[in-house]
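Given the structure is predicted, the values throughout are model-derived calculations rather than measurements. Here is the naming used below: chain letters follow the sequence lines, and residue numbers restart at 1 for every chain.
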Amino acid sequence: MTATAISLRGVSKTFYKRRSLVDVVRRTPVSGVTAVNGVSFDVKPGKTFALVGESGSGKSTIAQLVVGLQQADAGDLLIKDQSMLSGRTVGLDMARTIQMVFQDPYTSLNPRWQVGAVISEPCRALRLGLSEPEIRDRVADLLTKVGLHPSDAGRSAHELSGGQRQRIAIARMLAAQAEIVVCDEPTSALDVSVQAQILNLMRDLQDEFGLTYLFISHNMSVVRFMADDVGVMKQGRLVEQGPAEQVFSAPADPYTRALLAAVPRPEPEAVH
Amino acid sequence: MSQTTIPSDSASIPVDARPPWYQGKLVRAFLRSPLTILAVIVLVLYLLAGIAPDLIAPHKVFDLSTLDFSNAFLPPAWVEGGSMRFPLGTDDQGRDLLSAIIYGLQVSLMVGVVSVLLSLVIGTVLGLLAGYFGGWLDALIMRIADIQLTFPAILVAVLVDGLARAVLGSGLHEQLAIWVIVAAIALPGWVQYARTIRGLTMVVRGHNYVLAARLMRQPTSFILRRHILPNVATPIFVLATIQIAVAIVIEATLSFIGLGVPPTEPSLGTLIRIGNNYMLSGEWWLAIFPGLALFFLVMAINLIGDFLRDVLNPQL
Ligand SMILES: Nc1ncnc2c1ncn2[C@@H]1O[C@H](COP(=O)(O)OP(=O)(O)O)[C@@H](O)[C@H]1O
Ligand SMILES: [Mg+2]
């Protein structure tokens, strides 16, 4: 086992506005938004690192950088001690290692596909070497694991509720057999009661499969329930990080204190 | 990681990515719309006539040996002097008008359907590429589309036809006339498909199932075909249906001004042009009946197109 599952070292990402021909001719200065600015943190294998911060603070950009949907401008990004920025390591191997659960359950699943096809997609795409009967068994197994029924494989995505969709997105992530999972606000579009079910499911799956989570949220009580370690983002910078108990009991940064003051302190049982 | 619990009845689990196209909704809405049912019946009759004119037309009107000049200018059967042998009357050469319309229908339908399919395929492919990749490819494709749009479709068709005449020479042009017309109508047609597909693709490419597929390293061609196309195609069916009517009218217009198919293979538009010459001399049926045939065909297609738009669009 490697010492860190994910490691960011001074990672930055700026989005530049597309320059039109007029901009070029008029020599308008290049304007950009620095979404992530010199961020460093480590995610330990088998643990949950939660990134928390208000909307626009750069959390989703970090998620996209980590899974490879965006390329960083500066810094170094290591997945299981392998650099993602030097050379082309972003092949099938990396895809088998790291997967993602997205925020919006309504576009997580192709509405034209049946659930069984959605869950089995990674088995084929990632060439996991399963035969068709094995894939079927796996789909049935995974549906049961995420609290659905094997017969749900025949339903199509648009018939399902938000919570059910997110369970299927989780099953698809499991089908890839990834060790590291980036979860970008996986429950923030769901009702509170459904949120609690999904969070519990994710913790159970973490224990069962030894998953590493980079868990993104703007909700402090969700973070308190999930996190081993916490990083607090503000305007593209990580203003504070540390073990969850420490950040919650003795927040060092005024911004963290403000975030904590803004939410009612729920008992940990409240999310169960 | 080990996941070994295997349920016994997993053989019935569907794991293929076939989209559930058949949602009873379309059928139910159809059965509740008498006008659409009528339009479909009319269109089916037209299609039967267009596909197998040899079986349906009472006379082989383009076999010159069957023509008899003594039958020239007979009025429709129900008019004084008409004959049941020629239900809609005859032309200057004693040709049965009903049969001529049925053969003309074949040409009109063929030009309409093939040119729409051609522009649909071109427009869909270019729209998907522009919308998915963005950047300079998108800029290039959409600027060409913008330029194309400043020319009315009929003008482009006239230009293409003229160009083909110059390049092919009149003999070859005569032989290839139908294909020149198909190309001339298809060429300006792709823009609308490309714009629609591009706009929807730009939305869908950001959907999480597309990002998930990219994370699984699905090939781009797979993502375009299986994830994006099925989710952007619906409005294209509606557009294509209506565009068939537009293409048929453009072909008729070209033929009416004498640029379309040659008189040896007359389309409805050719028949209307020829009939138009006799409007003032009293043989009104020669222009009116091909005109009505065109009118009902275009009407039926448009009604079906409107129905599809009403039923399918709310899902978008
Ligand atoms: N693809 C992009 N193009 C341009 N700007 C972007 C893009 N993605 C994010 N941004 C900008 O980067 C900043 C951080 O966004 P994001 O990472 O989504 O924050 P969060 O997830 O914390 O809400 C925002 O100002 C956002 O507008
Ligand atoms: Mg976000």
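Using a 4.5 Å heavy-atom cut-off against chain A, no residue of residues 115-123 of chain B qualifies as contacting. Scanning residues 209-216 of chain B against chain A with a 4.5 Å heavy-atom cutoff picks out B:Tyr209, B:Leu211, B:Ala212, B:Ala213, B:Arg214, B:Leu215, B:Met216, ordered by number.
Aromatic ring pairs are classed by plane angle as parallel below 30°, tilted from 30° to 60° and perpendicular above 60°; the pair A:Trp113 and B:His227 is parallel.
Scanning for salt bridge (Lys or Arg N to Asp or Glu O under 4.0 Å) contacts around A:Arg96 gives A:Asp93, with sequence neighbours left out. Every residue meeting the side chain to side chain donor-acceptor pair (under 3.5 Å) condition with A:Asp184, not counting sequence neighbours, appears here in chain and number order: A:Ser60.
Residue contact with chain B, scored on non-hydrogen atoms closer than 4.5 Å, involves the backbone and the side chain of A:Leu69 alike. For chain B, the nearby part of A:Gln64 is the side chain; its heavy atoms alone come within less than 4.5 Å.
With rounding to the nearest 0.5 Å, the separation of CZ in A:Arg165 from CG in B:Asn208 is 11.5 Å.
Among A:Ile119, A:Thr107, A:Asp152, the residue making the largest number of heavy-atom pairs under 4.5 Å with chain B is A:Thr107.
The number of heavy-atom neighbours closer than 6.0 Å to CZ of B:Phe151, taken from other residues, nucleotides and ligands shown, is 12 or below.
The backbone N or O of A:Asn110 lies less than 3.5 Å from no partner atom in the side chain of B:Asn231, so there is not a single donor-acceptor pair.
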